[in-house]
There are 2 protein chains.
Amino acid sequence: MYKIGELSRQTGLSNDTLRYYEKMALITPATRTEAGYRLYDESSLSRLKFIQQAKYVGFSLEGIKELLSMRLDKSHHSCGEVKQLTEDKLVEIDNKIEELLRIKQALQVMNDACCGGAVSAEHCSILQALETGEPVKREGHL
Amino acid sequence: MYKIGELSRQTGLSNDTLRYYEKMALITPATRTEAGYRLYDESSLSRLKFIQQAKYVGFSLEGIKELLSMRLDKSHHSCGEVKQLTEDKLVEIDNKIEELLRIKQALQVMNDACCGGAVSAEHCSILQALETGEPVKREGHL
DNA sequence: GTTGACCTTGGACCTAACTCTAGGGTTTAA
DNA sequence: TTAAACCCTAGAGTTAGGTCCAAGGTCAAC
């Protein structure tokens, strides 16, 4: 049985974060000492490893809570249910990527059109593009 | 001169958002009526269009503040300064995209390995992968 | 028997960009 | 003259995922 500091060392999560996860109902200490100290066992540790892994692949704490409930009661959940969660997450990630690519594209066009030199920004094509919403073809002084 | 509601209609931003931008020092009404009503002119409108465009290409309000100060005093800023901002933003976007691609890749591997059927999640490869941090090659029952 | 490391709680604070509320004043049209 | 539509302010609330703080209890070593 570990106290919170030991679990913190094992997982790399701070004491505060562990208590926060408890408040969010992601983990619970196996028991408490008479003095009220949290005591954790191996299952807490494996649960936390699971949580960290799920975080690493982009799940929010809410999503992780769902995953954990399926993990805890595997026999009453199907592969399909679990896979739905990862598929939803994949769609979400794809949308974010697409949005970022849109932004990147727009920025890139503006950026490429600008000379970037020490010349005054008077005719800067970036500022002009932001002004109009239209990409500028090429800077006049080039 | 428009009152705030009119500017709101012109820009699609809420009154609250306009007042918020003012508090963040992004805009200022040209003047006020005796009763204290904000009155805006064309320059406020063009400034807001600029802000909206900059937002659209991923700038934060802080970043926009920098852009605005260069826009306001173009002769004392160089193209290079402006371009630096867009280049920094591009790097930031690229990093975010890369992180999302990493996540997507990890999720995709897990997701592809799972049968996703109505079968019990007892041996679900997704749950196993989250358990171990190792992708599972193929589900046993396949 | 006291120092220092550890643990407890409740609650405040952080970021970013709003959004909403309460309580009140103004303008306009019927 | 009154009702609707508009405007004002200050300040609280929202989201996610923590982080920090104060005030205090516990435990081990020296």
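Reckoned from all heavy atoms, side chains included, excluding hydrogens, waters and symmetry mates. Each chain gets a letter, A, B and so on, in the order the sequences are listed, and its residues count up from 1.
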Item to check | Co-members of the apolar cluster containing B/Leu39 [side chain, <4.5 Å] | outcome: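 Result for B/Leu39 is B/Met1.
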
May I ask you to verify if any side-chain N or O of [X] is less than 4.0 angstrom from the OP1 or OP2 atom of [N]?
X: A/Arg38; N: D/dT26; value: no
X: B/Asn15; N: D/dC6; value: no
X: A/Thr17; N: D/dT19; value: yes

Checklist entry - Using the C1' atoms of five pairs at each end, what's the angle between the two axes of the helix from C/dG1-D/dC30 to C/dA30-D/dT1, to 10 degrees? => result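 The angle separating the two end axes equals 30°.
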
Could you state the [atom1]-[atom2] distance from [X] to [N], rounded to the nearest angstrom?
X: A/Ile51; N: D/dA16; atom1: CD1; atom2: P; answer: 17 Å
X: B/Asp16; N: D/dC6; atom1: CG; atom2: P; answer: 15 Å
X: A/Tyr40; N: C/dT8; atom1: OH; atom2: C1'; answer: 12 Å
X: B/Met24; N: C/dA16; atom1: CE; atom2: C1'; answer: 10 Å
X: B/Leu7; N: D/dC7; atom1: CG; atom2: P; answer: 10 Å
X: A/Gln52; N: D/dG17; atom1: CD; atom2: C1'; answer: 14 Å
X: A/Tyr20; N: D/dT15; atom1: OH; atom2: C1'; answer: 10 Å
X: A/Glu22; N: D/dG18; atom1: CD; atom2: C1'; answer: 15 Å

Next on the checklist: Between the side chains of A/Glu22 and A/Arg32, is the shortest nitrogen-to-carboxylate-oxygen separation below 4.0 Å, so that they form an ion pair?
Outcome noted: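 Answer for the salt bridge query: yes.
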
Checklist entry - Taking 4.0 angstrom as the limit, do A/Lys3 and A/Glu6 come out as a salt bridge? => result no

From the options [options], select the nucleotide whose nearest atom is closest to the side chain of [X].
X: B/Leu61; options: D/dT26, C/dC20, C/dC18; result: C/dC18
X: A/Arg32; options: C/dA17, C/dT9, C/dC6; result: C/dT9
X: B/Lys55; options: C/dT9, C/dA17, C/dT26; result: C/dA17
X: A/Arg9; options: C/dA17, C/dT8, C/dC6; result: C/dC6
X: B/Tyr37; options: D/dC27, D/dC7, D/dG17; result: D/dC7
X: B/Lys3; options: D/dC7, D/dG18, C/dC18; result: D/dC7

Checklist entry - With sugar-phosphate meaning primed atoms plus P, OP1 and OP2, does B/Lys23 contact a base, only sugar-phosphate, or nothing at under 4.0 Å between heavy atoms? => result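 It contacts nothing in the nucleic acid.
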
Next on the checklist: Under the rule for side-chain contact (heavy atoms from CB on, under 4.5 Å), what residues qualify as partners of B/Thr28, not counting sequence neighbours?
Outcome noted: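 None.
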
Next on the checklist: Do A/Leu61 and A/Tyr20 make a side-chain contact, defined as non-hydrogen atoms from C-beta onward lying under 4.5 Å apart?
Outcome noted: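 Touching, per the 4.5 Å side-chain cut-off.
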
Checklist entry - Do A/Tyr21 and D/dG17 have a side chain to base donor-acceptor pair shorter than 3.5 Å? => result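 No pair found.
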
Next on the checklist: Quick check on the hydrophobic clustering: are A/Tyr37 and A/Leu45 connected, directly or via other members, by side-chain heavy-atom contacts under 4.5 Å?
Outcome noted: no

Checklist entry - Would A/Asp88 and A/Gln84 count as having a side-chain donor-acceptor pair, cut-off 3.5 Å? => result yes

Checklist entry - Side chain of B/Ser78, backbone of A/Ala121: donor and acceptor closer than 3.5 Å? => result no

Next on the checklist: Can you work out whether A/Arg19 or A/Thr33 has the more 5'-proximal nearest nucleotide on DNA chain D?
Outcome noted: A/Arg19

